[in-house]
Amino acid sequence: MSEPVRLRDVVEADLEAFLEHEHDPEAARRSKFPPRERERFMRHWETQILDDPTVFVQAVMVGDELAGNVVAWWEHDRRFIGYVLGRAFWGRGIGTGALGLFLAAEKTRPLYADPFGGNTASVRLLERHGFRREGVVRHGDDEHIMLVLREAP
């Protein structure tokens, strides 16, 4: 990684890049998350992420380039974390840097993540940051690993 990773607040102009990241065929395959059509994607981000004060979301920046996002949200009584990086930023340590910065700012513990079991890079990234396996969950036909961060890393 040549330039440092930093986080900043998400602005509406970022959403077009986030939509492209979600529609990357390899990202969809690895996450087992089906890409949403543009209008549904934008409505979700505007109403359920940006307008929800309980959601903490940050844009991932590498120099002046928008690399992706990291987000934490409540699902019933559990706080979950998720992230998406554009493919050009994979395998360069950017996810490691971004997740470390995000976890320093997001203080809620326990914190949950449930990546697709076949996405070994994502599972390893979370485990490097102190998440531990606590089971398996199914989303449709797909098996996901339930990971939990109980204490600050």
Side-chain angles (χ1 to χ4, degrees), residues 5-12 14-15 17-24 26-61 66-87 89-91 93-153:
V5 174
R6 64 184 174 82
L7 302 178
R8 67 158 170 78
D9 290 339
V10 171
V11 295
E12 195 167 328
D14 296 337
L15 300 184
F18 297 166
L19 176 65
E20 287 179 29
H21 297 162
E22 183 172 296
H23 278 259
D24 179 289
E26 183 61 14
R29 186 189 71 76
R30 288 183 183 204
S31 67
K32 291 295 184 184
F33 187 86
R36 293 166 282 203
E37 55 90 9
R38 186 180 192 288
E39 184 178 313
R40 186 168 164 238
F41 176 91
M42 293 298 181
R43 187 172 49 254
H44 172 79
W45 266 87
E46 291 165 358
T47 63
Q48 295 181 24
I49 298 177
L50 298 178
D51 284 348
D52 185 340
T54 70
V55 171
F56 177 49
V57 61
Q58 294 284 277
V60 178
M61 302 295 295
L66 178 61
N69 67 79
V70 186
V71 60
W73 70 95
W74 287 101
E75 202 169 294
H76 306 290
D77 61 342
R78 291 181 170 183
R79 185 85 164 159
F80 276 83
I81 187 172
Y83 44 85
V84 177
L85 293 177
R87 193 188 317 196
F89 301 95
W90 295 358
I94 293 162
T96 299
L99 192 54
L101 292 170
F102 190 86
L103 292 173
E106 171 59 56
K107 304 296 186 189
T108 303
R109 303 295 186 270
L111 191 58
Y112 296 83
D114 62 349
F116 171 59
N119 190 345
T120 56
S122 187
V123 172
R124 282 194 314 266
L125 172 63
L126 290 157
E127 288 177 332
R128 275 196 304 274
H129 284 282
F131 283 78
R132 298 293 170 247
R133 294 174 189 232
E134 291 204 355
V136 174
V137 295
R138 295 198 72 78
H139 296 290
D141 294 334
D142 302 314
E143 191 172 276
H144 292 245
I145 307 298
M146 181 59 72
L147 297 160
V148 183
L149 179 63
R150 299 239 173 243
E151 298 176 16

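Everything numeric here is computed off the predicted structure, so don't read it as measured data.
Between Gln58 and Asn69, the side chains place no donor N or O within less than 3.5 Å of an acceptor N or O (distance only, hydrogens not considered).
Taken to the nearest 0.5 Å, the OG1 atom of Thr96 stands 5.0 Å off from the NE2 atom of His129. Taking CG from Leu101 and CZ from Arg6, the interatomic distance works out to 11.0 Å, rounded to the nearest 0.5 Å. A distance of 9.5 Å separates NE2 in His21 from CG in Asp14, rounded to the nearest 0.5 Å. The distance from the OG1 atom of Thr120 to the CD1 atom of Ile145 is 10.5 Å, given to the nearest 0.5 Å. In this structure, Met61 CE and Leu66 CG are separated by 5.5 Å, a value rounded to the nearest 0.5 Å. In this structure, CG on Leu103 lies 11.0 Å from OG1 on Thr108, to the nearest 0.5 angstrom.
Residues His23 and Phe41 are not in side-chain contact: their nearest non-hydrogen atoms beyond the backbone lie 4.5 Å or more apart. Contact annotation: the side chain of Val123 never approaches that of Phe131 to less than 4.5 Å [non-hydrogen atoms, C-beta and beyond]. Side-chain contact between Tyr112 and Met146 is present, with at least one heavy-atom pair separated by less than 4.5 Å. Residues Val57 and Trp45 form a side-chain contact, since some pair of their non-hydrogen atoms from C-beta on lies under 4.5 Å apart. Residues Phe33 and Val84 form no side-chain contact, since every pair of their non-hydrogen atoms from C-beta on lies 4.5 Å or further apart. For the pair Arg36 and Glu22, the minimum side-chain heavy-atom distance is below 4.5 Å.
Remark: Arg124 engages no residue in a salt bridge (charged side-chain N to carboxylate O under 4.0 Å, His left out) (not counting sequence neighbours). Partners of Glu20 by side-chain contact (heavy atoms from CB on, under 4.5 Å), not counting sequence neighbours: none found. Shown here are the side-chain contact (heavy atoms from CB on, under 4.5 Å) partners of Ser122, two or more places apart in sequence or in another chain: Tyr83, Pro115, Asn119, Leu126.
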- Apply the test side chain to side chain contact (heavy atoms under 4.5 Å, CB included) to residues Val60 and Phe89: give CA-CA distance (whole Å), side-chain angles for both, the deciding distance (0.1 Å), then the verdict. CA-CA 10 Å; Val60 178; Phe89 301 95; over 6 Å; no
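The aromatic ring centroids of Phe102 and Phe56 lie less than 6.0 Å from each other.
When all heavy atoms are compared, the tightest approach of Ala67 to Ile94 is CB-CG2, 4.3 Å. A pairwise comparison of heavy atoms in Val10 and Ala59 identifies CG2-N, 3.5 Å as the closest pair. Across all non-hydrogen atoms, the minimal contact from Val70 to Ala98 is CG2-CB, 4.4 Å.
Listed by first and then second residue, the side-chain hydrogen bond (donor to acceptor under 3.5 Å, both in side chains) pairs that reach into residues 138-148 are Asp114-His139, sequence neighbours excluded. Pairs passing the salt bridge (charged side-chain N to carboxylate O under 4.0 Å, His left out) check and including a residue from residues 67-80, sequence neighbours excluded, read Arg79-Glu106. Screening residues 40-57 for salt bridge (charged side-chain N to carboxylate O under 4.0 Å, His left out) gives Glu39-Arg43 as the qualifying pairs, with residues at least two apart or on separate chains.
Heavy-atom neighbours of Glu26 CD from other residues, nucleotides or ligands within 6.0 Å: above the threshold of 12.
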